[in-house]
Amino acid sequence: MPDAIDMATRARSSKLSASMDGQEVTVAGWVQDTRNLGGISFIQLRDRDGTVQLTLPKKKIEPGLFKELTTIPRESVIAVRGTLKANKEARAGFEIIPSAMAALNVAETPLPMGVIDKVNIDLDTRLSNRFMDLRREQVLAIFKVRDALLGGSREYLSSEGFLEVQTPKIVAAGAEGGATLFKLSYFGREAYLAQSPQLYKQSLMGAGFERIFEIAPAYRAELSDTVRHLSEFTSLDVEMSFVKDSDDVMKVVEGLVAHAITHVSRKCTAELSMLGIEPSEQKPPFPRLTHEECVRLLQGAGKKIEVGQDIDTDGEKMLGDIVKKEHGSRLYFITRFPTELKRGTFYAMRLDEDPSLTGYFDFEFDGEELVSGGQREHRLPRLIAQIEENDMSPEAFEFYLKAFRFGMPPHGGFGLGVERFLHMLLRLPNIRECVLFPRDRVRIAP
Ligand code: ATP
Ligand code: MG
């Protein structure tokens, strides 16, 4: 380490306070801003938790140190040792008077983009310089919220007896239809990136795991470029055995989502306020509307749509507004999806009383799909028939079907898009904001 600044004594900015007046401290981070006012200079030094102010009265600082600190380019990484002084005028109530510094990495100039400048930078430039963009406090805040969202989700699922698992992402067959499969060459054979852990989650029900969840990447070659689709997203998947119907699954969906939102609202007050979001607690149960009821609501609002038809993106948004007005909720279920609309979803159980309907549901947040799920078909003959009806071959799914031959309990589950959740919760304009290094049709680097 140059200049012998001992990193073992380094404190992050959040660990320092005015009550440490007079103490010798070591700080390290990025030079965010330097102001030279002649007789005195100020440096804002940033780390993950915030900034500390370094104050340099010219007369009291050794000239070599003064020069080095006041001329080092913005965004360089430095370590500083100095004395902490309480000062009501400094933003945090204290400042540090440096006595030694080490330049750990001097930033080149000009910077590819500013970190604290108030100018609007387009998303593409930001994503191309993502390491820099992520230094901005409002961008970092999104990932602090993401951490809390996942923490709250794990907390809920664990308390409900779900076991966290990981399933393969290199797979032999898709679960969501061929159009969005990424093919890859696997030792001379064709393989795919997993679109969803669906088939493995179900196998684990056959294995007797009873209640599981997984938080892992899912891959979809989405053909259209939208603000709510990624090629690589994080899927929070849940599967549970011995359900009586899809209602049992819906209770877990709403419990999980409500708990995660509450957890974020309590843990991330500073981040939410920085992002302009009011903390909110959403209390389940959330409204349940059948697909048919939703279509009728849309017809009533002037939308051209027939019962049994898919609700398009515009319709979903309209529905979000209607449900908010009539039921006072941003969150709601669309239940009893028509079988025809879940065609690719060969594993969906159909309703005994009306096989043209499934017990499948979508769970919506402000008119955007957050979750899909429902009870699965666990009876082998019916499952095989449904695979065939979808023009797929049961032979290709033998590795999956085998688990249904030797003891498969009734079960159900769902998949929730983690980035979708953040996208809606934080009302961000583009889902790409919610991923560190997003992947889409044109972007594969950084
Ligand atoms: P959509 O109709 O919005 O494209 P889907 O019905 O194809 O989604 P599902 O297979 O039901 O998606 O996946 C479960 C959840 O995963 C979705 O409700 C959504 O939250 C999320 N999800 C699906 N595809 C994507 C994607 N390409 N990017 C981000 N999240 C996604
Ligand atoms: Mg869906």
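Note that these values count all heavy atoms, side chains included, but never hydrogens, waters or copies made by symmetry. One-based numbering, in listed order, for ligands and for the atoms of each.
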### Task
Could you check F397 against F346 for ring pair (Phe, Tyr, Trp, His ring centres under 6.0 Å), going step by step and ending with a plain yes or no?
CA-CA 11 Å; F397 289 92; F346 59 79; 5.1 Å; yes
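- Both cation-pi conditions hold for K342 and F337: the charged atom is under 6.0 angstrom from the six-membered ring centre and inside a 45 degree cone around its axis.
- The aromatic rings of F361 and F333 sit perpendicular, their planes meeting at an angle over 60°, well past the 30° parallel limit.
- Applying the 6.0 Å contact sphere to CD of Q138 captures more than 12 heavy atoms from other residues, nucleotides or ligands.
- The closest approach of E369 to the Mg ion (ligand 2), by N/O/S atoms, is made by OE2.
- Surrounding NZ of K402 are at most 12 heavy atoms belonging to other residues, nucleotides or ligands under 6.0 Å away.
- Using a heavy-atom distance under 4.0 Å as the criterion, the protein contacts of ligand 1 are E176, R220, E222, R228, H229, L230, F233, E369, L370, V371, S372, G415, G417, R420, I431.
- Of the listed residues (R432, R443, R441), just one forms a salt bridge (Lys or Arg N to Asp or Glu O under 4.0 Å) with D225, and that residue is R432.
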